[in-house]
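Being a predicted model, the structure only gives us computed values, none of them experimental. First listed ligand is number 1; within each ligand, the first listed atom is number 1. Counting begins at 1 with the first residue of the sequence.
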Amino acid sequence: MNSETELAPAVASILEAARERPGGESAVDVDARSLPDAIASAEADGRVPVIAEVKPTSPTADGTRDDDPVELAEAMVEGGASAISVLTEPSHFGGSPEALTRVREAVDVPVLRKDFVLEEAQLDVVEADLLLLIARFVDDLEGLVAAARERGFQPLVEVHDREELEAALEAGAEIIGVNNRDLAQLEVDLETFESVSPHAPDDVTLIAESGVSSPADVRRMRETGADALLVGSAIMDHGAGDSDVAANTRRLTEAEATAETSDDNGD
Ligand SMILES: O=C(O)c1ccccc1NCC(=O)[C@H](O)[C@H](O)COP(=O)(O)O
């Protein structure tokens, strides 16, 4: 992996910044909340398992939300989110490790650290229940998956195509996210998940990431094998700024229940 060919300029800039960021001084020791348990709990009470993302801004966002990350995360849980993703990348996404720590103290669902972790010391910046590793950018994926597990994290390995899926499986990944956003044009295409998901073994926890914006999208991803969905923009609604994050989350977590009770196409 670790190919920088055909990367969008914003992604090349994100990687450059990631290489400069220091790691922690000593290994963290996490007592992680289980994502599979949180997914099972949502399924049991009829909610779609959604990992809602606290993403103040991004290279593709229309604006920035300055709301308190804790208030956003609490509203997401109120809307039925099974887990929270918190951007810790500071220079392109407006995130911080401190925001993640505050969110994890405030909610009782699993919290994902969303960042561009490239080397082992960068695992030790902050405790989280789940930790994102992007297959394309990590040189020693197997080593970093193992190092994350040694610290107690549940690694979530992000892939974009079948080759990266195979690499994630060889590295021992048990939780895999298929990112619908390509890192060359930053365009989203839900067909990405649909083309990769049939090749994932049943015992993998499979997450559809990016570009899910409506209940119809939720159902489409679930029908093609998504155990959970990672959703940022449609919940944060950067353009509106003051939109109702709990309601935005609920619209997606209730997508399957509303489909059963409604005659319309429910988008
Ligand atoms: O979100 C971006 O603009 C972005 C740009 C460059 C690299 C990564 C980017 N996003 C990272 C993500 O994985 C998403 O935040 C996450 O999957 C949620 O996506 P969405 O629901 O489409 O906001």
Going by atom types alone, do [X] and [Y] pair a side-chain donor with an acceptor below 3.5 Å?
X: Thr253; Y: Arg47; answer: no
X: Thr205; Y: Asp227; answer: no
X: Ser41; Y: Glu43; answer: no
X: Ser58; Y: His92; answer: no

From Glu71, Met236, Glu53, residue fulfilling side chain to side chain contact (heavy atoms under 4.5 Å, CB included) relative to Met76: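 Answer to the side chain to side chain contact (heavy atoms under 4.5 Å, CB included) test with Met76 among Glu71, Met236, Glu53: Met236.
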Nearest heavy-atom neighbours spanning Gly24 and Val125: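 Residues Gly24 and Val125, closest heavy atoms: N-CG2, 4.0 Å.
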Check ion pair Glu209-Arg181 (N to O, under 4.0 angstrom):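 Looking at Arg181 together with Glu209, the answer is no, because their closest N to O distance does not fall below 4.0 Å.
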Among all the protein's non-hydrogen atoms, which is closest to [atom], and how far away is it?
atom: atom 3 (O) of ligand 1; result: Thr60 OG1, 2.5 Å
atom: atom 6 (C) of ligand 1; result: Leu186 CD2, 3.6 Å
atom: atom 17 (O) of ligand 1; result: Ser210 OG, 2.7 Å
atom: atom 8 (C) of ligand 1; result: Phe93 CZ, 3.8 Å
atom: atom 23 (O) of ligand 1; result: Ser233 OG, 2.5 Å
atom: atom 15 (O) of ligand 1; result: Glu53 OE2, 2.5 Å

Proximity winner for atom 12 (C) of ligand 1, if only heavy atoms of His238, Glu158, Lys114, Met236 are counted: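 Closest candidate by heavy-atom distance is Lys114.
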Gly232, any N or O under 3.5 Å of ligand 1 N or O: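 Indeed, backbone or side chain, Gly232 has an N or O that close.
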Any N/O pair Ile14/ligand 1 closer than 3.5 Å: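 Looking only at distances, the answer is no, because the N/O contact criterion of under 3.5 Å is not met.
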Within reach of ligand 1, part of Val212 (heavy-atom separation under 4.0 Å):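 Answer for Val212: neither.
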Part of Arg181 with heavy atoms under 4.0 Å of ligand 1, whether side chain, backbone, both or neither: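 Side chain only; the backbone of Arg181 stays clear of ligand 1.
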Under 4.0 Å to a heavy atom of Gly211 - the qualifying atoms of ligand 1, by number: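 Numbered from 1, ligand 1 contributes 20 (P), 21 (O), 22 (O).
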